[in-house]
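Computed from a predicted model, the values in this text were never measured in an experiment. FYI, side chains are in, hydrogens and waters are out, and symmetry mates aren't considered; it's all heavy atoms of this structure.
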Amino acid sequence: MSESVPGTPPEVFAPVEAPVSPPQASEEVEFVQLLTPEGERVEHPDYSFDLGDEAIKGFYRDMVLVRRIDAEATALQRQGELGLWASLLGQEAAQIGSGRALNDRDMVFPTYREHGVAWCQGVDPLRLLGLFRGVDQGGWDPKDNNFHLYTIVIGAQTLHATGYAMGQQRDHAIGDAENGEATIAYFGDGASSQGDVNEAFIWSSVFNAPVVFFCQNNQWAISEPIDRQTRIPLYQRAAGFGFPGVRVDGNDVLATYAVTQQAMKRAREGSGPTLIEAYTYRMGAHTTSDDPTKYRLNEDLEHWKLKDPIERVHAYLTRHAGVDHNFFDEIEAEADKIAAVLRAGCLALPDPVLTDFFQHVYVEETPQLAEQRDQFAAYAASFEGEG
């Protein structure tokens, strides 16, 4: 028997319990679901999807086109045309469902994987490729599409989002669930362990900020499984900070839309933050520099293929909405056309002028910045003609 330190409570030396393992592929997880993997509509007591089949067809188109853009970008990286790419494969429903639930005044703070949300906000996919190709030094103007720049620092965007939402609050832009405005911040299950994210939870709760935290729990933080991030379902963390949390089937575009729509309305009317955990799965690698076969089982991947977000909508449309093959063929043809245009556009992107980034530091150039720009230009010019 180990000896205790005098004055130390004996419970300090109590054995540490093993962490609670996450649900395995064969286990069922409780979440909000409105469309089953088999394409059947189901009811939920708290959430409903009130749009018609035309809207569902639109969601299907969005997901197919975004998946095709994602596949083309991955191929471009493999061919040396992009330095890196973070795939969204398998997470299309989480992004399209939540993205389509926003109004034209809401502001989005993404990570580096929200290509589907960018699509919903009207960001040209070529702008995304320019970033990963390394020829776009500043990205896009967030004001143009209410879509902030991709954030590489894990979790940092949640603080930015909270601050922006507090600004919306002070500008009296909230108070109307339909026509007001709010903020949504995207992050992954791994980011939930970051201090920035938890600080954002505290600030948003204390100040009742109009922000929705949208966590795409795709089961893996690079090579670390979800049981290394939490011992309870992620959405339950919200209760400790004093605001609601809800888990939704992240592969169900209808449920994701309904849950996000309700959370955004709640934020816009002034009722404060909500944490949404979209329970999904990262079908591909973390990025194109990652090899997921080193750390996860193939049987889990096969299990999640049966829950594919696009296939379940395809099943619903064919079985219950009377949609024939012509519709699907037209979408596939459109996807191929977009991919071809994207590839040609990527290859034609010009190299940047290296001094351009000095123009994006301040609204008005300072003498110190001008001096730095000139020094940098002279330094860069010293390499001309070499190699």
Side-chain angles (χ1 to χ4, degrees), residues 31-32 47 59 62-63 66 86 88 90-103 106-121 123 146-148 150-151 154-162 164-165 168 181-194 196-198 200-201 203-205 209-219 221 226 229-230 233-238 241 243-268 271-282 309:
F31 43 39
V32 177
Y47 298 93
F59 289 166
D62 287 334
M63 292 191 292
V66 166
L88 60 61
Q91 299 176 221
E92 294 89 355
Q95 296 192 16
I96 296 301
S98 60
R100 289 303 182 195
L102 310 180
N103 70 24
D106 296 327
M107 180 61 78
V108 178
F109 285 79
T111 67
Y112 44 77
R113 198 186 303 275
E114 271 67 64
H115 320 313
V117 186
W119 171 264
C120 293
Q121 293 296 103
V123 177
N146 282 21
F147 188 82
H148 249 266
Y150 275 4
T151 303
I154 305 299
Q157 72 279 3
T158 57
L159 286 174
H160 307 158
T162 299
Y164 190 92
Q168 291 174 314
E181 61 183 75
T183 295
I184 185 168
Y186 289 85
F187 60 100
D189 47 292
S192 68
S193 297
Q194 292 288 338
D196 284 0
V197 175
N198 290 272
F201 288 173
W203 277 80
S204 64
S205 176
V211 57
V212 172
F213 297 103
F214 194 95
C215 176
Q216 292 177 86
N217 178 4
N218 63 20
Q219 314 300 309
I226 184 61
Q229 312 298 333
T230 183
L234 288 176
Y235 77 96
Q236 293 182 5
R237 288 186 178 182
F241 294 93
F243 56 86
V246 57
R247 175 186 271 176
V248 62
D249 181 353
N251 284 18
D252 176 357
V253 69
L254 306 190
T256 305
Y257 174 89
V259 168
T260 307
Q261 183 186 51
Q262 185 164 310
M264 294 300 291
K265 286 183 176 181
R266 183 176 179 277
R268 293 187 205 115
S271 297
T274 301
L275 171 61
I276 299 174
E277 177 192 355
Y279 196 83
T280 181
Y281 195 78
R282 193 192 76 213

**Request:** Any chance you could lay out the side chain to side chain contact (heavy atoms under 4.5 Å, CB included) test for Met63 and Val253, step after step, and finish with the verdict?
**Result:** CA-CA 9 Å; Met63 292 191 292; Val253 69; 4.2 Å; yes
Could I get the full list of side chain to side chain donor-acceptor pair (under 3.5 Å) partners for [X], not counting sequence neighbours?
X: Gln229; value: Ser193
X: Asp249; value: Gln33, Arg312
X: Thr274; value: Arg266
X: Gln261; value: Tyr257

Test item: [X] side-chain N/O and [Y] main-chain N/O as donor-acceptor pair under 3.5 Å:
X: Gln95; Y: Gly116; result: yes
X: Arg282; Y: Ala221; result: no
X: Asp252; Y: Val248; result: no
X: Gln219; Y: Asn217; result: yes
X: Gln216; Y: Gly188; result: no

**Prompt:** Can you list every pair that meets salt bridge (Lys or Arg N to Asp or Glu O under 4.0 Å) and has a residue in residues 109-118, with sequence neighbours left out?
**Reply:**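 As it turns out, there is no salt bridge (Lys or Arg N to Asp or Glu O under 4.0 Å) pair with a partner in residues 109-118 once direct neighbours are skipped.
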Applying side chain to side chain contact (heavy atoms under 4.5 Å, CB included), can you list everything that pairs with [X], at least two apart in sequence or on another chain?
X: Ala161; value: Phe109, Thr183, Ala185, Val211
X: Thr280; value: Gln91, Asn218, Asn251
X: Ala182; value: Asp106, Pro210, Met264, Ala267, Arg268
X: Leu159; value: Asp196, Glu199, Ala200

**Request:** Kindly write out the residues that satisfy salt bridge (Lys or Arg N to Asp or Glu O under 4.0 Å) with Arg100, not counting sequence neighbours, or none if the list is empty.
**Result:**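 For Arg100 the salt bridge (Lys or Arg N to Asp or Glu O under 4.0 Å) partners, ignoring immediate neighbours, are Asp62.
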**Listed partners of Tyr235 passing ring pair (Phe, Tyr, Trp, His ring centres under 6.0 Å), at least two apart** =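 Testing Tyr235 for ring pair (Phe, Tyr, Trp, His ring centres under 6.0 Å), a comparison that skips the adjacent residues, returns none.
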**Item:** Residues which pass ring pair (Phe, Tyr, Trp, His ring centres under 6.0 Å) with Phe241, listed by chain and number, not counting sequence neighbours
**Value:**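 Ring pair (Phe, Tyr, Trp, His ring centres under 6.0 Å) list for Phe241, sorted by chain: Phe201.
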**Message:** For Tyr186 and Thr158, which I'm curious about, is there any donor-acceptor pair between the side chains at under 3.5 Å?
**Reply:**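 Side chains of Tyr186 and Thr158: no pair found under 3.5 Å.
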**Request:** Among Val197, Leu275, Ile276, find the one that has a side-chain contact (heavy atoms from CB on, under 4.5 Å) with Phe213.
**Result:**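 Single side-chain contact (heavy atoms from CB on, under 4.5 Å) partner of Phe213 among Val197, Leu275, Ile276: Leu275.
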Interatomic spacing from [atom1] in [X] to [atom2] in [Y] - rounded to 0.5 Å:
X: Gln194; Y: Phe187; atom1: CD; atom2: CZ; answer: 11.0 Å
X: Gln121; Y: Trp119; atom1: CD; atom2: CH2; answer: 13.0 Å
X: Tyr279; Y: Thr256; atom1: OH; atom2: OG1; answer: 14.5 Å
X: Ser192; Y: Leu234; atom1: OG; atom2: CG; answer: 4.5 Å

**Request:** With side chain to side chain contact (heavy atoms under 4.5 Å, CB included) as the test, would you mind laying out the steps for Gln157 and His148 before giving the verdict?
**Result:** CA-CA 9 Å; Gln157 72 279 3; His148 249 266; over 6 Å; no
**Request:** Quick one: do Leu102 and Asn146 satisfy side chain to side chain contact (heavy atoms under 4.5 Å, CB included)? Show the steps, please.
**Result:** CA-CA 10 Å; Leu102 310 180; Asn146 282 21; over 6 Å; no
**Asked** Closest heavy-atom contact between Gly250 and Ala93?
**Response**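 Smallest interatomic distance, heavy atoms only, reads O-CB, 3.5 Å.
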**Prompt:** Ser204 and Phe243: which non-hydrogen atoms are nearest, and at how many Å?
**Reply:**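 Taking Ser204 first and Phe243 second, the nearest heavy atoms are OG-CE2, 4.1 Å.
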**Request:** In sequence, state the C-alpha distance, the side-chain angles, and the governing distance for Phe147 and Val117, and then conclude on side chain to side chain contact (heavy atoms under 4.5 Å, CB included).
**Result:** CA-CA 9 Å; Phe147 188 82; Val117 186; 3.9 Å; yes
**Close side-chain approach of Phe214 and Val259, heavy atoms under 4.5 Å** =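 Not touching, per the 4.5 Å side-chain cut-off.
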